[in-house]
Amino acid sequence: MPRSEEAAAWTYAVYNAVREVPHGKVTSYGHIARLLGKPECPRQVGVSLKALLSATAQPDAHYNNSNVPWQRIINAKGGISPRGANGASQQATALEAEGVQVTRGALGEYTIDFTTYGWFPDRLPSDLSSEEEDEE
DNA sequence: AGCTTGACGGTGA
DNA sequence: GTCACCGCCAAGC
């Protein structure tokens, strides 16, 4: 498991938030971070998702690439980060399989229309009834 | 043990 | 409109 309880909580929160993303919809790293109360840490969202593919972040294999729709998380520009390139195409394919229209650029860039497929709630559905504490 | 990079994003120039 | 810098935390070297 992650190095600290705090880090683990963050990681789980990320996975939980990602699972809230409806089928056929996409959201951004930054939005997930915002929902978790860490608008300045979109990077950590990516870090956590990265760990999803590694055994490091799977203390009990409760979260893995099968039950967490990481494919629905793209960057704020509406595109899939280059990453390993190969993984990007895989993500694009997975999204298309859900009915999401993915525009393929000549440079291997993938773009999704947020206007049509974007999912940006102010608060997580499951977060409304309980959990968290911050208000304004 | 320390330094750099990385699935990003917002703001300032 | 584009380019550069900063923040955050963990993993890799």
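The sequence lines fix the lettering, A, B, ..., with proteins before strands; numbering per chain opens at 1. Values reported hereafter were calculated over all heavy atoms of this structure, with side chains retained and with hydrogens, waters and symmetry mates removed.
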Using a cut-off of under 3.5 Å, enumerate the N/O to N/O pairs linking the protein to nucleotides 10-13 of chain B.
none

Original post:
Side chain of Y110(A), backbone of S81(A): donor and acceptor closer than 3.5 Å?
Top reply: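 No.
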Original post:
What pairs meet the salt bridge (charged side-chain N to carboxylate O under 4.0 Å, His left out) rule with one or both residues in residues 64-74 of chain A, with sequence neighbours excluded?
Top reply: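 Found R72(A)-E98(A).
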Original post:
What residue pairs, at least two apart or across chains, pass salt bridge (charged side-chain N to carboxylate O under 4.0 Å, His left out) with a residue in residues 24-35 of chain A?
Top reply: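 Qualifying pairs, neighbours excluded: none.
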Original post:
List DNA chain C stems (3 or more consecutive Watson-Crick/G-U pairs, under 3.5 Å)?
Top reply: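 When the pairs of DNA chain C are grouped into runs of at least three, the stems are B:2-6 with C:9-13, B:8-13 with C:2-7.
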**OP:** Indicate syn or anti for dA7(B), taking the glycosidic torsion and treating anything within 90° of 0 as syn.
**Re:**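 What dA7(B) shows is a syn base, its glycosidic angle lying within 90° of 0.
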**OP:** Please list, chain by chain and in numerical order, all residues satisfying side-chain hydrogen bond (donor to acceptor under 3.5 Å, both in side chains) with Q91(A), sequence neighbours excluded.
**Re:**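 In terms of side-chain hydrogen bond (donor to acceptor under 3.5 Å, both in side chains), with neighbours along the sequence ignored, Q91(A) is linked to R83(A).
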Validation: residues 115-122 of chain A side-chain donor-acceptor distances under 3.5 Å, sequence neighbours left out:
residue: T115(A); atom: OG1; partner: D113(A); partner atom: OD1; Å: 3.3
residue: T116(A); atom: OG1; partner: D113(A); partner atom: OD2; Å: 2.8
residue: Y117(A); atom: OH; partner: Q101(A); partner atom: N; Å: 3.4

**OP:** Between dT5(B) and dA4(C), how far apart are the P atoms? Round to whole Å, please.
**Re:**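 Going atom to atom, P in each nucleotide, I get 16 Å.
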Subject >> Contacts of type side-chain contact (heavy atoms from CB on, under 4.5 Å), residue E96(A), not counting sequence neighbours >> reply: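 Per chain and number, E96(A) pairs via side-chain contact (heavy atoms from CB on, under 4.5 Å) with V102(A), R104(A).
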Subject >> Results of side-chain contact (heavy atoms from CB on, under 4.5 Å) for V45(A) - residues two or more places apart only >> reply: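 Checked V45(A) against side-chain contact (heavy atoms from CB on, under 4.5 Å); matches are W10(A), V14(A), Y29(A), I32(A), A33(A), L49(A).
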Original post:
To the nearest angstrom, how far is I80(A) atom CD1 from dC8(B) atom P?
Top reply: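 In whole Å, dC8(B) P and I80(A) CD1 are 12 Å from each other.
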**OP:** Let me know the distance between CG of L49(A) and P of dC8(B), rounded to the nearest Å.
**Re:**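 To the nearest whole Å, that distance equals 10 Å.
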Original post:
Reckon S28(A) has a side-chain N or O less than 4.0 Å from the OP1 or OP2 of dC8(B)?
Top reply: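 No, outside the criterion.
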